[in-house]
J.: 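Below you will find the structure I want to go over with you.
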Amino acid sequence: MSKSSCANPRRKLIGLTLENVGLTDSGAEDLLSALSTNPSLTELDLSDNKLGDSGVKLVFAALRNPECKIQKLRLREVGLTDSGAEDLVSALSTKPSLTELNLSGNELGDSGVKLVSAALRNPECKIQKLRLRDVGLTDSGTEDLISALSTNPSLTVLNLELNSLTDRSVPALRRLILTLLSLKLIELDGNRFSETGEKELRSLRGSRPGLIVILNI
């Protein structure tokens, strides 16, 4: 399914969704080669395909093309691991146009999230919405991520649901919520906080107007 601009008689492609279409790394090469030179394309969703690290590396290579103007990239459940995330650092550093990134459901682990964190530290990175739901993140990788995000005044949405965060991560999360004034929504449902930890996080809900903190119901 694609979205196009009706105002332009040529109907330039601005959004492309190929979710769960059986796409693999071998089929992605030609597609991404064509898309990387399409300056009108701003949204790309390749979620639920078996791209693996090799296929995702092609995506990141396409992002580095100066002609590529992708703003919203969704790679949910595509078989990405920490090995494939290495190319993400260089891709994000050259892509200030990217404002939304969804890597949920991939086996990144703490090492992969640390690579993502390194990319987020780049001053050229302007991510507004970051989704890392169910990526194998633990307390060990949280500190790097929170530290990186705290320097990003553009971030408005952060999803860390269904990971393995415990009360050890609560101080860092509280610090992020209290100091990053651009943050409007943080989703933490499905982690391993104790009742006390959840209470500490819930107490921040009224800390400023418009802030939403989602925790276990």
Side-chain angles (χ1 to χ4, degrees), residues 3 5 14-17 19 35-36 38-47 56 59-60 62-66 68-78 80 85 87-106 108 112-135 137 141-163 165 172-189 201 204-205 207-215:
K3 293 180 288 184
S5 173
I14 61 173
L16 180 63
T17 297
E19 184 177 352
L35 295 181
S36 66
N38 186 336
S40 66
L41 187 71
T42 59
E43 299 181 29
L44 180 61
D45 188 345
L46 299 177
S47 298
V56 176
V59 177
F60 295 153
L63 283 180
R64 289 195 292 270
N65 189 310
C68 177
K69 304 300 181 184
I70 293 292
Q71 297 175 13
K72 300 178 181 180
L73 179 62
R74 302 180 183 95
L75 296 171
R76 188 185 69 254
E77 297 185 26
V78 295
L80 176 65
D87 287 342
L88 177 63
V89 179
S90 59
L92 289 185
S93 66
T94 59
K95 195 53 56 181
S97 63
L98 191 67
T99 59
E100 182 176 324
L101 179 63
N102 189 340
L103 298 176
S104 297
N106 290 293
L108 295 174
V113 173
K114 285 183 178 181
L115 290 170
V116 175
S117 301
L120 295 171
R121 289 182 189 279
N122 191 301
E124 295 299 315
C125 182
K126 306 297 182 184
I127 292 292
Q128 297 175 13
K129 298 180 180 180
L130 178 64
R131 293 180 169 86
L132 295 171
R133 184 180 192 268
D134 189 22
V135 296
L137 178 65
T142 305
E143 189 64 40
D144 276 349
L145 178 63
I146 298 302
S147 175
L149 292 175
S150 65
T151 64
N152 184 347
S154 303
L155 189 72
T156 60
V157 175
L158 177 62
N159 188 330
L160 298 177
E161 291 180 324
L162 296 179
N163 285 295
L165 307 185
L173 290 167
R174 282 179 56 88
R175 186 169 65 249
L176 178 71
I177 295 169
L178 288 170
T179 59
L180 192 63
L181 300 183
S182 62
L183 189 64
K184 301 300 181 184
L185 171 64
I186 182 167
E187 298 170 273
L188 300 168
D189 196 18
L201 291 167
L204 300 178
R205 285 175 172 169
S207 60
R208 64 173 182 272
L211 175 65
I212 299 174
V213 180
I214 297 180
L215 281 157

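For clarity, every value in this text was computed on a predicted model and none was experimentally measured.
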J.: Is any side-chain heavy atom of Leu88 closer than 4.5 Å to a side-chain heavy atom of Leu115?
T.: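 No - every pair of side-chain heavy atoms lies 4.5 Å or more apart.
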J.: Do Glu19 and Arg74 meet the salt-bridge criterion of a basic N to acidic O distance under 4.0 Å?
T.: no
J.: Does any pair with a residue in residues 147-156 pass salt bridge (Lys or Arg N to Asp or Glu O under 4.0 Å), and if so which ones, sequence neighbours excluded?
T.: none
J.: Show me the pairs that pass salt bridge (Lys or Arg N to Asp or Glu O under 4.0 Å) and involve residues 172-187, at least two apart or across chains.
T.: Glu143-Arg175
J.: Judged by atom type as modelled, is there a donor-acceptor pair below 3.5 Å linking the side chain of Ser182 to the main-chain atoms of Thr156?
T.: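 It does not hold such a pair.
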J.: Do Lys129 and Asn102 make a side-chain contact, defined as non-hydrogen atoms from C-beta onward lying under 4.5 Å apart?
T.: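 Heavy-atom side-chain distance check fails, nothing below 4.5 Å.
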J.: With sequence neighbours excluded, tell me which residues meet side chain to side chain contact (heavy atoms under 4.5 Å, CB included) with Ser117.
T.: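 Listed in chain order: Val113, Asp144, Leu145, Ala148.
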J.: Give me each pair satisfying salt bridge (Lys or Arg N to Asp or Glu O under 4.0 Å) with a member in residues 148-163, each pair once, sequence neighbours excluded.
T.: Arg133-Glu161
J.: Could you tell me which residues satisfy side chain to side chain contact (heavy atoms under 4.5 Å, CB included) with Thr151, sequence neighbours excluded, listed by chain and number?
T.: none
J.: Is any side-chain heavy atom of Ile127 closer than 4.5 Å to a side-chain heavy atom of Leu98?
T.: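 They are in side-chain contact.
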J.: Roughly how far, to the nearest 0.5 Å, is the CG atom of Leu162 from the CG atom of Leu132?
T.: 12.5 Å
J.: Nearest 0.5 Å, what's the CG-CD distance between Leu44 and Gln71?
T.: 12.5 Å
J.: How long is the span from the CG atom in Leu158 to the CD1 atom in Ile214, to the nearest 0.5 Å?
T.: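 Rounded to the nearest 0.5 Å, the CG-CD1 separation comes out at 11.5 Å.
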J.: Report yes if some heavy atom in the side chain of Ile186 is under 4.5 Å from a heavy atom in the side chain of Leu201; otherwise report no.
T.: no
J.: Run Leu120 and Leu130 through side chain to side chain contact (heavy atoms under 4.5 Å, CB included) and show every step you take.
T.: CA-CA 10 Å; Leu120 295 171; Leu130 178 64; 3.8 Å; yes
J.: With the side chain counted from C-beta on, respond yes when Arg121 and Ser147 share a heavy-atom pair under 4.5 Å apart, and no when they do not.
T.: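 Yes; the side chains approach each other to less than 4.5 Å.
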J.: If every non-hydrogen atom of Ala62 is compared with every non-hydrogen atom of Cys68, which pair is closest and at what distance?
T.: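 Reported closest heavy-atom pair: O-CB, 3.4 Å.
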J.: Working to the nearest 0.5 angstrom, can you tell me the gap between Arg76 CZ and Asn106 CG?
T.: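 If I round to the nearest 0.5 Å, the distance is 10.0 Å.
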J.: Drop me the distance from Leu178's CG to Ser150's OG, to the nearest 0.5 angstrom.
T.: 12.5 Å
J.: Start with the C-alpha gap between Leu75 and Leu80, add the side-chain angles, then the distance that decides, and say whether side chain to side chain contact (heavy atoms under 4.5 Å, CB included) holds.
T.: CA-CA 9 Å; Leu75 296 171; Leu80 176 65; 5.7 Å; no
J.: With sequence neighbours excluded, what pairs up with Leu211 under the side chain to side chain contact (heavy atoms under 4.5 Å, CB included) test?
T.: Ile177, Ser207, Arg208, Val213
J.: Rounded to the nearest 0.5 Å, how far does CG of Leu63 lie from CG of Asn65?
T.: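 If we round to the nearest 0.5 Å, Asn65:CG and Leu63:CG are 9.5 Å apart.
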J.: Are the side chains of Ser104 and Asp134 in contact, using a 4.5 Å heavy-atom criterion?
T.: no
J.: Is there a side chain to side chain contact (heavy atoms under 4.5 Å, CB included) between Leu137 and Leu108 once you walk through the steps?
T.: CA-CA 8 Å; Leu137 178 65; Leu108 295 174; over 6 Å; no
J.: Judged by atom type as modelled, is there a donor-acceptor pair below 3.5 Å linking the side chain of Thr42 to the main-chain atoms of Ile14?
T.: yes
J.: Determine, stepwise, if the pair Thr142 / Asn163 fulfils side chain to side chain contact (heavy atoms under 4.5 Å, CB included).
T.: CA-CA 10 Å; Thr142 305; Asn163 285 295; over 6 Å; no
